[in-house]
There are 2 protein chains.
Amino acid sequence: MSVKYKKIAEILEKDIRDGKFNETKKLPTEEELMNIFQVSRNTIRKVVSQLVNRGYIFQVQGSGMFLREAPITDYINLGSLRGLTKNLASQNIETKVVELHVMEADETLAERMQCQAGTKLYFVKRLRIVDGKAFSIEISHFKKDVVPYLNNEIASSSIYSYLIEDLQLNIGFADKVIHCEKIDKESAQLLEVHEHDPALLIENTVYLINGTIFELSQSMFHYQKARLLNRITFK
Amino acid sequence: MSVKYKKIAEILEKDIRDGKFNETKKLPTEEELMNIFQVSRNTIRKVVSQLVNRGYIFQVQGSGMFLREAPITDYINLGSLRGLTKNLASQNIETKVVELHVMEADETLAERMQCQAGTKLYFVKRLRIVDGKAFSIEISHFKKDVVPYLNNEIASSSIYSYLIEDLQLNIGFADKVIHCEKIDKESAQLLEVHEHDPALLIENTVYLINGTIFELSQSMFHYQKARLLNRITFK
DNA sequence: AAGTGGTCTAGACCACCGT
DNA sequence: CGGTGGTCTAGACCACTTC
């Protein structure tokens, strides 16, 4: 976080979240931001593009930069990295670790994670509980050579905070595939719904910035509780 | 499309799709691209950021720019604008217009579309058929003052091609909310599934670049056939 | 050490919005 | 017409990868 544009983007993101621009629903002009932060125009434009990509603002040529309407309900933001911990801010989230152990990749996993069969993986199955009610089941596989250590305590809080802040992983990009299906019996019990009820699923493949896969996960959501949000900008 | 970086991005996107870099799985260096297209480095970097955002490539500092693995199956790309027409390229898509007429926004619609109750809207209900099988039901509302004309013929092909190429709408951004639920009887018949089977839903709010909403739509997908893909990059 | 992407600056000119 | 964003250039220096 040593670079200017990231620092400034952090500040402005916080300002927006804190409602600092709510009266005008408008950001200062690029020139004003240049003066405030004492950086060049390109740097400000880089900052702004971050805020645009994160869905906070939109730009209108000749007019200014405006706040996008904040989502009213709690959504899982598909554009962000952290699972629930950062997203459903207003709610009360618990995590129950159902299973956690080291395993070896079989042929299928090996192919999907682009590694040799037999590669050591952490297997984690967790139940996420929001406001006292079962919300989702998350099954994750982490490559052990990238995530050398994991325990119950870490898995009970935010794994991603651990990966980023403690292990300092450089996470680069991810593929998320979303679909829905009829829930199986075991999952139905965990999520407290009926067998054959719908289930919303996200299959997540996460890459380091050098392009290596380090996580493959599946999240299964309670169909009545989960709503995913995707904010996109064209240009 | 008069600007350099968009033209170059189009060319490179096509090259990537055509498999031009498949042997090396690597793009030319920034310097090489500067020479090829005779533009400055910043312009090339802008081009590259487009390709990164669209999920085609990833950059590794000190090393180069590499192709991301192309998705194997056909997915609906959440990051792109067009619905199916552009996405499921390999398949055979038909569209049946179930309903098309002008209506007035009621209180609920007016609030969600940020307009006055009574505002004229085009209402379109379409059934999308892929490879001869029902795939999705799309219900859309377009503001008539933005989309002054719409007919059966246009709605039978790609509405978005019409909006962009003919009406020259400047589409800016969109909010997509995804969830799943049990399907109702009428929709079940259209999609040829059983009542109470799962259904995957996307609620889509689309804005012009000046921030005005012009479309509100809901797409309901066949739960066994639809897969949504979201490619994200962190940085 | 050489190659390649990442950050940052300073400045120019264009395109669009609103008055 | 003034204000504000959009595009583009030229050049400098830094950080990481690869050999």
Side-chain angles (χ1 to χ4, degrees), chain A residues 1-10 12 21 24-53 56-68 168-173 207-212 233-235, chain B residues 1-10 12 21 24-53 56-68 168-173 207-212 233-235:
Chain A
M1 190 58 62
S2 53
V3 280
K4 291 185 184 177
Y5 81 87
K6 287 188 184 172
K7 284 185 200 162
I8 299 173
E10 288 279 313
L12 288 177
F21 309 112
T24 54
K25 289 179 178 289
K26 206 177 168 189
L27 253 60
T29 64
E30 294 183 347
E31 179 141 14
E32 287 167 338
L33 292 174
M34 287 167 67
N35 290 328
I36 294 172
F37 295 106
Q38 287 297 307
V39 293
S40 74
R41 179 149 180 242
N42 273 344
T43 299
I44 287 300
R45 286 186 64 77
K46 179 112 187 174
V47 168
V48 166
S49 78
Q50 300 259 307
L51 299 174
V52 170
N53 284 334
Y56 287 107
I57 62 172
F58 62 95
Q59 296 167 283
V60 182
Q61 184 171 7
S63 181
M65 303 185 283
F66 303 87
L67 297 192
R68 281 175 78 165
Q168 309 248 18
L169 286 196
N170 291 309
I171 299 174
F173 50 99
Y207 299 75
L208 299 178
I209 42 167
N210 65 14
T212 58
T233 308
F234 309 106
K235 219 174 5 186
Chain B
M1 190 58 65
S2 54
V3 282
K4 291 186 186 179
Y5 80 87
K6 286 186 183 173
K7 283 184 200 165
I8 299 173
E10 288 277 315
L12 289 177
F21 309 112
T24 55
K25 286 174 178 290
K26 205 176 169 189
L27 253 60
T29 65
E30 294 184 348
E31 179 140 14
E32 287 167 336
L33 291 174
M34 288 168 66
N35 290 328
I36 293 171
F37 295 106
Q38 287 297 308
V39 293
S40 74
R41 183 156 177 235
N42 272 347
T43 300
I44 287 300
R45 285 185 63 77
K46 180 114 188 174
V47 168
V48 166
S49 78
Q50 299 258 306
L51 299 174
V52 169
N53 284 335
Y56 287 108
I57 62 171
F58 63 94
Q59 297 166 285
V60 182
Q61 184 170 9
S63 181
M65 304 185 282
F66 303 87
L67 296 192
R68 281 176 78 167
Q168 309 249 19
L169 287 195
N170 290 309
I171 300 173
F173 49 98
Y207 300 74
L208 299 178
I209 44 167
N210 66 11
T212 57
T233 307
F234 309 107
K235 214 171 10 183

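For the numbers below, each heavy atom of this structure counts, side chains included, while hydrogens, waters and symmetry mates do not. Proteins come first, then strands; the chains are lettered A, B, ... in the order of their sequence lines, and each starts at number 1.
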Task: Rounded interatomic separation in angstrom, taking CD from B:Q61 and P from C:dA2 - done: 19 Å

- [ ] Can you see which heavy atom on A:I44 is nearest to which on A:L33, and at what distance?
- [x] CD1-CB, 3.6 Å

- [ ] Determine the minimum heavy-atom distance between A:K26 and A:L67, stating which atoms define it.
- [x] N-CG, 4.4 Å

- [ ] Mind listing the closest non-hydrogen atom pair of A:P28 and A:F21 along with its distance?
- [x] CD-CE2, 3.7 Å

Open item on the list: Would you say B:N210 and B:T212 are linked by a side-chain donor-acceptor pair, where the criterion is simply a distance under 3.5 Å?
Closed with: yes

Task: Position toward the 5' end of DNA chain D (nearest nucleotide), A:N210 or A:V60 - done: A:V60

Open item on the list: Pick the closest DNA chain C nucleotide for B:K26 and for A:G62 by heavy atoms, then say which residue is nearer the 5' end.
Closed with: B:K26

- [ ] To the nearest Å, give me how far apart NZ (A:K46) and P (C:dG5) are.
- [x] 14 Å

TODO: For B:R41 and for A:M65, find the nucleotide of DNA chain D with the closest heavy atom, then tell me which residue's nucleotide is more 5'.
DONE: A:M65

Open item on the list: With a strict under 4.0 Å distance from non-hydrogen atoms of chain A, what nucleotide opens and what nucleotide closes the contacted stretch of DNA chain D, reading 5' to 3'?
Closed with: D:dG3 to D:dT9

TODO: Locate the shortest heavy-atom distance separating A:K235 from B:Q50; write the atom from each residue and the value.
DONE: O-NE2, 3.1 Å

TODO: Quick one: label A:V48 by what it contacts on the DNA or RNA (base, sugar-phosphate, nothing), any heavy atom closer than 4.0 Å.
DONE: nothing

Task: Distance-minimising heavy-atom pair for B:I209 and B:I171 - done: CG2-O, 4.0 Å

Task: Heavy-atom check, side chain of A:F37 versus side chain of A:L12, under 4.5 Å - done: yes

Task: A:F58 side chain near A:T233 side chain, heavy-atom distance below 4.5 Å - done: no

Task: DNA chain D contacts made by residues 29-38 of chain A, counting heavy atoms under 4.0 Å - done: A:T29, A:E30

- [ ] Calculate the interatomic distance between B:F66 atom CZ and C:dG3 atom P; express it in whole Å.
- [x] 16 Å

- [ ] Quickly work out the B:I209 CD1 to C:dA15 C1' distance and round it to whole Å.
- [x] 11 Å

Task: Nearest non-hydrogen partners of A:S63 and A:F66, listed with the distance - done: OG-CZ, 3.4 Å

